[in-house]
Amino acid sequence: MAFTMDEKCSKAVKEVFVNMYNEGLIYQGSRIINWCPCCKTALSDAEVEYAEEPSSFWHLRYYVKDSDRYLVVATTRPETMFGDTAVAVNPKDERYKDLVGKTLVLPVVGKEIPVIADDYVDLEFGTGAVKITPAHDPNDFLVGKRHGLAEINIMTDDGRMNELAGAKYCGMDRFACRTALVADLEAGGYLDHVEDYDNQVGHCYRCHEVVESRLSKQWFVKMKPLAEPAIAAVKSGEVRFVPERWSKIYFNWMENIQDWCISRQLWWGHQIPAW
């Protein structure tokens, strides 16, 4: 029997960390992580509990600069628009082909952002035009890297809007800001329409606060090199799932696995042995 903080466990943590670091599997970098505004700490994907909650899909009008034409983008988190740095469309989408490279004016904010083409955008989902907020969404983060977009973090550690959200909204709780911003968007003629939407919302497994996706500098483990032999073991038959249908779920998870965030800002276990 062993307890988490036993000396032999502490030695094992140090040994594994150093070995994996030397193998290039552990690194410190800035990526999108799950952030709990209540506990004020990063969470791993395994520490986020998802629940279906009734929500809304706000369809917003982003006007083309010096034009009456606009793109309608749909979002469940309108308060993140202060961090928008582009609107993306699929390069195969004939509806928007002539708009790629054009400049849009961000509603309420007045900031100018480009229309970009990226295969990430699903032609069939929503309007086919997606607001890109690289500092507040994992998929947007990757799109931003591909296109060299700025990463603008518009929230504080406790889930309030910072100065980059503008003087009116600075200091507001994220959900209070959402309400105020939607009202301002409607008053300004930028709110096209609203749809009811059942959204999978992540919560902190400890305090149950709604988790925020945000860019942060943390320690990570590279998971793809570790997942490859585990995938091969199942494909070769060395490891079998019973019933077999669970192998499909396993492959879907392992083949799309993201790097594992291992650092926390609260002392919940062993300290990372890095000095």
Side-chain angles (χ1 to χ4, degrees), residues 1-51 134-142 144-145 151 153-160 162 174 200-234 238-239 241 246-247 249-275:
M1 178 184 289
F3 293 98
T4 301
M5 303 306 293
D6 281 355
E7 183 60 26
K8 63 180 179 180
C9 294
S10 183
K11 288 180 179 178
V13 167
K14 290 179 182 177
E15 181 177 348
V16 172
F17 184 96
V18 171
N19 288 342
M20 293 182 72
Y21 180 86
N22 289 336
E23 292 170 10
L25 293 171
I26 288 180
Y27 66 95
Q28 189 181 48
S30 293
R31 293 176 61 91
I32 296 291
I33 51 96
N34 305 299
W35 181 264
C36 176
C38 178
C39 297
K40 295 185 179 64
T41 186
L43 302 171
S44 73
D45 290 347
E47 294 167 329
V48 178
E49 298 176 341
Y50 288 90
H136 290 276
D137 181 271
N139 293 312
D140 293 3
F141 175 75
L142 297 176
K145 288 297 185 188
E151 297 161 351
N153 191 331
I154 47 88
M155 286 188 199
T156 61
D157 288 353
D158 60 354
R160 294 182 177 276
N162 64 26
R174 53 188 165 152
Q200 288 290 331
V201 179
H203 298 78
C204 173
Y205 83 110
R206 283 190 171 236
C207 71
H208 309 297
E209 178 65 79
V210 174
V211 168
E212 192 68 37
S213 294
R214 69 192 296 240
L215 187 65
S216 182
K217 188 177 183 181
Q218 303 286 342
W219 286 94
F220 297 89
V221 177
K222 293 180 182 178
M223 293 306 295
K224 289 193 181 297
L226 299 175
E228 286 169 359
I231 292 170
V234 176
E238 180 183 352
V239 174
F241 280 91
W246 289 105
S247 63
I249 297 172
Y250 173 79
F251 287 134
N252 181 64
W253 179 54
M254 295 293 279
E255 289 171 354
N256 295 285
I257 199 165
Q258 299 298 311
D259 288 356
W260 173 23
C261 179
I262 58 172
S263 55
R264 305 289 177 271
Q265 282 59 57
L266 297 179
W267 196 343
W268 285 354
H270 294 280
Q271 290 182 300
I272 285 178
W275 296 271

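- The nearest pair of heavy atoms linking Ile32 to Pro134 is CD1-O, 3.3 Å.
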Scan the side chains in residues 6-17 for donor-acceptor partners under 3.5 Å anywhere in the protein, sequence neighbours excluded, and list what turns up.
{"residue": "Asp6", "atom": "OD2", "partner": "Phe3", "partner atom": "N", "Å": "2.9"}

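- Remark: Phe241 engages Tyr250 in a ring pair (Phe, Tyr, Trp, His ring centres under 6.0 Å) (not counting sequence neighbours).
- Cys204 approaches Val211 most closely through the heavy-atom pair N-CG2, 3.4 Å.
- Pairs of residues two or more places apart, or lying in two chains, that qualify as side-chain hydrogen bond (donor to acceptor under 3.5 Å, both in side chains) and include a residue from residues 215-228 are Ser216-Gln218, Gln218-Ser263, Gln218-Gln265.
- A pairwise comparison of heavy atoms in Thr41 and Leu266 identifies OG1-N, 3.7 Å as the closest pair.
- Pairs passing the salt bridge (charged side-chain N to carboxylate O under 4.0 Å, His left out) check and including a residue from residues 32-43, sequence neighbours excluded, do not occur.
- Partners of Trp267 under the side chain to side chain contact (heavy atoms under 4.5 Å, CB included) rule, at least two apart in sequence or in another chain, are Met5, Gln271.
- We find that Arg264 and Glu47 are joined by a salt bridge, their nearest charged nitrogen and carboxylate oxygen being less than 4.0 Å apart.
- Remark: Asn139 pairs with no residue by the side-chain hydrogen bond (donor to acceptor under 3.5 Å, both in side chains) rule, at least two apart or across chains.
- With sequence neighbours excluded, the residues forming a side chain to side chain contact (heavy atoms under 4.5 Å, CB included) with Ala51 are His203, listed by chain and number.
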Side-chain polar contacts of residues 23-31 - donor-acceptor pairs under 3.5 angstrom, sequence neighbours left out - could you list them?
{"residue": "Tyr27", "atom": "OH", "partner": "Asp259", "partner atom": "OD2", "Å": "2.6"}

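- Glu255 pairs by the salt bridge (Lys or Arg N to Asp or Glu O under 4.0 Å) definition with Lys235, not counting sequence neighbours.
- By the salt bridge (Lys or Arg N to Asp or Glu O under 4.0 Å) test, Glu209 pairs with Arg174, sequence neighbours left out.
- Asp157 pairs by the salt bridge (Lys or Arg N to Asp or Glu O under 4.0 Å) definition with Arg214, not counting sequence neighbours.
- Under the side-chain hydrogen bond (donor to acceptor under 3.5 Å, both in side chains) criterion, Asn162 pairs with no residue, sequence neighbours left out.
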